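So the structure is just underneath, and the comments pick up after that.
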There are 2 protein chains.
Amino acid sequence: MKKRIVKLADVAKAAKVSQGTASNVFNRPELVRPEVRERVEASARRLAYAGPDPKGRLLRGGKVNAIGIVMADDTAYFFRDPFARMLLSGIAEVCDERGAGVALVSTNRQKDAAWRIQTAVVDGFIVHCLRVGDRLISLARKRHLPVVAIDLDGGNGMSSVVIDDRHGAYLAARHLLDLGHRKIGLLSLEAADPPRPGFVDAERLRSAEYRTERERAAGYSAALAEHGIELDQLPIMESLNERQAGASHARELLAARPETTAIIAMSDVLALAAIDAARARGLRVPQDLSVVGFDDIPDAATADPPLTTIAQPIVEKGRIAARLIFEAGPPRTETLGVKLVERASTARPR
Amino acid sequence: MKKRIVKLADVAKAAKVSQGTASNVFNRPELVRPEVRERVEASARRLAYAGPDPKGRLLRGGKVNAIGIVMADDTAYFFRDPFARMLLSGIAEVCDERGAGVALVSTNRQKDAAWRIQTAVVDGFIVHCLRVGDRLISLARKRHLPVVAIDLDGGNGMSSVVIDDRHGAYLAARHLLDLGHRKIGLLSLEAADPPRPGFVDAERLRSAEYRTERERAAGYSAALAEHGIELDQLPIMESLNERQAGASHARELLAARPETTAIIAMSDVLALAAIDAARARGLRVPQDLSVVGFDDIPDAATADPPLTTIAQPIVEKGRIAARLIFEAGPPRTETLGVKLVERASTARPR
DNA sequence: GCGCATCGTTGAAACGTTTCAAAATTGTCA
DNA sequence: TGACAATTTTGAAACGTTTCAACGATGCGC
């Protein structure tokens with residue numbers, strides 16, 4: 001009653017050849033005499049052989065030919081978030097070139113996150129923005145596979161790709177200050193685990209768990225200092241990086257600080273959310289409120305108004321991360337540049 | 001000089017327990033006495049054991065706990081195309097619920113497409129929109145894994161999820177006809193492999209390789225027939241489903257047939273492209289040209305002008321496809337409904 | 001102290017392939 | 001025809017794990 005699966009050995013026996021030869025028929029057909037090859041193929045057909053099972057091959061051979069992408073959210077986030085999508089496009093591009101596959105490893109449910117990482121059938125990991133901090137990363141590294149981190153501190157034997165967050169933050173703040181803004185609100189990404197949506201103090205940013213927030217805090221501070229302002233004087237609102245959530249937090253910020261003339265958002269998604277919020281309060285952008293974003297996702301350019309933002313090479317970041325996996329040289333950290341893109345969401349305060 | 005990898009057997013030996021016990025320490029720790037467990041864990045640490053290698057487990061155990069998504073394009077397409085993204089969101093949602101992973105299988109390069117499918121380490125496949133027709137599908141099916149097709153004919157032992165394309169097409173055409181349009185152009189998706197971008201005749205649609213185009217041809221014809229028009233009388237332009245390409249084809253269509261007052265696009269991406277093209281010719285939508293789309297992607301609602309389109313439940317389609325994989329019942333075909341969503345891209349002709 | 005259930009541990013057998021040195025076969029040339 | 005080279009085929013050894021029947025301890029009630 002048990003339906004046994006036909007395996008290579010069965011095919012070999014049926015065709016009266018050794019298993020080695022049968023294997024060659026499927027993998028290096030040119031090595032086997034046409035006559036024999038056909039006999040084996042005929043047997044395979046007759047037995048409805050499914051072809052060499054990758055599981056077996058894998059164990060013997062080693063390479064899976066796929067890399068795993070680990071993110072902090074549910075799998076659908078990979079397709080929902082514009083930043084994630086661009087990153088993945090870059091990664092995918094390089095994987096295609098190399099003929100490697102891509103496996104999505106979500107870590108939404110803390111419980112099986114560890115299990116997912118430990119059992120993912122991949123040759124390497126690219127990790128991005130792991131809320132849970134080092135724990136999952138160290139799990140990944142324990143597997144003795146190449147691991148590349150994006151936007152996280154590398155070091156300690158791990159490669160990473162980051163951008164010059166500090167300079168980006170400096171440019172964003174400087175831009176608003178140069179325009180004459182002094183009442184500036186900060187719409188921040190989550191700075192640590194657990195996230196703490198709502199007003200937070202500057203210290204949370206300065207000592208954030210994530211490099212990105214720490215560096216940016218330094219950048220903002222540097223720009224503000226040039227005008228004798230402390231980061232601590234700004235209202236800082238932490239928010240989940242989703243448009244809905246961001247809009248509601250931005251509304252809260254504007255309600256609590258109606259004197260605000262400009263908002264620095266740590267991502268374009270949050271910046272667009274801030275524009276939504278402004279509009280909901282009847283404020284015009286940029287006349288009544290200036291908004292500067294970060295990332296330069298495609299929507300930034302076509303938004304209404306087009307978003308002034310700090311552009312970072314997201315796709316390229318993905319490409320580089322993937323190359324670092326494949327090249328498997330000594331660990332190193334690649335830092336990419338950013339630049340200010342002035343569009344129409346910022347102007348002098350009235 | 002060869003750096004041998006530490007394996008479970010090494011750890012077991014070092015801890016002076018059987019391999020079976022060592023295995024239990026990692027997989028069912030509650031079965032082994034705390035004292036022994038710690039001894040084993042200590043050995044593992046000392047030897048820098050990477051943990052049970054999934055490859056070994058896989059061979060023994062069976063389930064990979066991941067499904068493969070096969071699409072006709074390069075991997076980046078999964079993240080670029082709005083339709084693909086929504087589909088994937090739905091699939092990902094269900095996979096997350098079940099604790100399964102998602103592997104992206106691209107088939108851009110014909111050459112390794114077959115290899116990719118044969119060696120993908122997955123428990124099942126969801127295939128969407130395979131240009132190359134049945135060949136890759138039959139490869140997937142040969143692996144004796146569950147396969148679910150999206151927007152393709154099922155049958156022959158394979159499950160599939162489709163929408164009522166014929167009715168959707170009917171609704172789109174009917175809507176324009178009801179508004180009074182008679183000079184209608186059709187912007188079509190690729191109807192067969194190889195694609196043939198440019199003007200094509202109605203027969204190519206009616207006898208298309210893909211179900212979608214065949215069914216829609218029938219739907220358009222039905223609506224047109226009610227006004228005594230034949231599908232063959234419409235200019236039909238086939239295009240790649242990308243905004244740039246679509247826009248250039250739409251421009252060509254409008255240039256060749258300046259009398260056109262309305263365009264039926266087979267996807268929202270193409271519809272938006274048509275609007276781009278109209279604008280480039282100085283035509284206002286909907287005053288000078290009506291455009292109706294298909295799919296109702298998120299951009300459709302926020303486009304300028306908001307797009308009249310045939311809405312289909314894309315995310316739900318993904319969910320259902322994934323469930324069909326997991327439930328593994330007898331093969332069946334699920335047909336989902338569509339409806340007309342009237343927005344501002346269509347109006348009476350002048 | 002003895003039988004009995006319970007709990008831990010062992011040892012060996014799969015799981016399905018690829019690889020590789022060695023053996024067998026075929027071909028070539030004088 | 002025989003020596004030698006080139007081409008095919010073989011057989012067995014990995015690959016690293018999990019599972020499971022069977023075996024030993026250990027604790028319990030009497």
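The model shown is predicted, which means the values in this text are computed figures rather than measured ones. Just so you know, these numbers use all the heavy atoms, side chains as well, and skip hydrogens, waters and symmetry mates. Proteins get letters first, then strands, A, B, ... in listed order; numbering begins at 1 in each.
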Quiz item: Side chains of A:Asp53 and A:Lys7: does their closest heavy-atom pair fall under 4.5 Å?
Solution: no

Quiz item: Does A:Asn24 or B:Gly20 map to a spot on DNA chain C nearer the 5' end, using the closest nucleotide for each?
Solution: B:Gly20

Exercise. Go through the steps to decide whether B:Asp74 and B:Arg80 satisfy the test salt bridge (Lys or Arg N to Asp or Glu O under 4.0 Å), and finish with yes or no.
Key: CA-CA 10 Å; B:Asp74 56 316; B:Arg80 191 190 324 133; 3.0 Å; yes

Quiz prompt | Contact summary for A:Ala92 and B:Ala76, nearest pair of heavy atoms | solution = CB-N, 3.7 Å

Quiz prompt | Shortest non-hydrogen contact from A:Glu209 toward A:Asp193 | solution = OE1-N, 2.8 Å

Quickly work out the [X] [atom1] to [N] [atom2] distance and round it to whole Å.
X: B:Gln19; N: D:dC15; atom1: CD; atom2: C1'; result: 12 Å
X: B:Glu30; N: C:dG8; atom1: CD; atom2: P; result: 10 Å
X: A:Leu58; N: D:dC15; atom1: CG; atom2: C1'; result: 10 Å
X: A:Arg57; N: D:dT17; atom1: CZ; atom2: P; result: 20 Å
X: B:Asp10; N: D:dA14; atom1: CG; atom2: C1'; result: 14 Å
X: B:Glu35; N: C:dC7; atom1: CD; atom2: C1'; result: 14 Å
X: A:Lys55; N: C:dG16; atom1: NZ; atom2: P; result: 8 Å
X: B:Arg37; N: C:dT9; atom1: CZ; atom2: C1'; result: 14 Å

Quiz item: Using a cut-off of 4.0 Å on non-hydrogen atoms, how would the nucleic acid contact of A:Arg28 be classed: base, sugar-phosphate, or nothing?
Solution: sugar-phosphate

Practice problem: Apply the test ring-ring contact (aromatic ring centres under 6.0 Å, His included) to residues A:His128 and A:Phe83: give CA-CA distance (whole Å), side-chain angles for both, the deciding distance (0.1 Å), then the verdict. | Solution: CA-CA 11 Å; A:His128 178 245; A:Phe83 183 91; 5.5 Å; yes

[X], nearest nucleotide to its side chain (from [options]):
X: A:Asp53; options: C:dT17, D:dC15, D:dT17; result: C:dT17
X: A:Arg33; options: D:dG16, C:dT18, D:dT8; result: D:dT8
X: B:Lys7; options: D:dT18, D:dT9, D:dG16; result: D:dG16
X: A:Thr21; options: D:dT9, C:dT9, D:dT18; result: D:dT9
X: A:Val36; options: D:dT9, D:dT17, C:dT10; result: D:dT9

Quiz item: Would one find a side-chain N or O of B:Ser23 under 4.0 angstrom from OP1 or OP2 of D:dT18?
Solution: yes

Quiz item: Does B:Arg60 get its side chain close enough to the base of D:dT18, under 3.5 Å, for a donor-acceptor pair?
Solution: yes

Exercise. In plain terms, say whether A:Lys317 and A:Glu334 are close enough for a salt bridge, that is, a side-chain N and a carboxylate O under 4.0 Å apart.
Key: no

Quiz item: Considering heavy-atom distances to DNA chain D, does B:Ala22 or A:Leu31 have its closest nucleotide positioned more toward the 5' end?
Solution: A:Leu31

Quiz item: Has the side chain of B:Ser159 got a donor or acceptor atom that lies under 3.5 Å from a matching backbone atom of B:Leu324?
Solution: no

Exercise. Please list, by residue number, the residues of residues 38-52 of chain B whose heavy atoms come closer than 4.0 Å to an atom of DNA chain D; answer none if no residue qualifies.
Key: B:Tyr49, B:Gly51, B:Pro52

Quiz item: Do B:Thr119 and A:Asn65 pass the side-chain hydrogen bond (donor to acceptor under 3.5 Å, both in side chains) test, and can you show the C-alpha distance, the side-chain angles, and the key distance before you say yes or no?
Solution: CA-CA 9 Å; B:Thr119 64; A:Asn65 223 26; over 6 Å; no

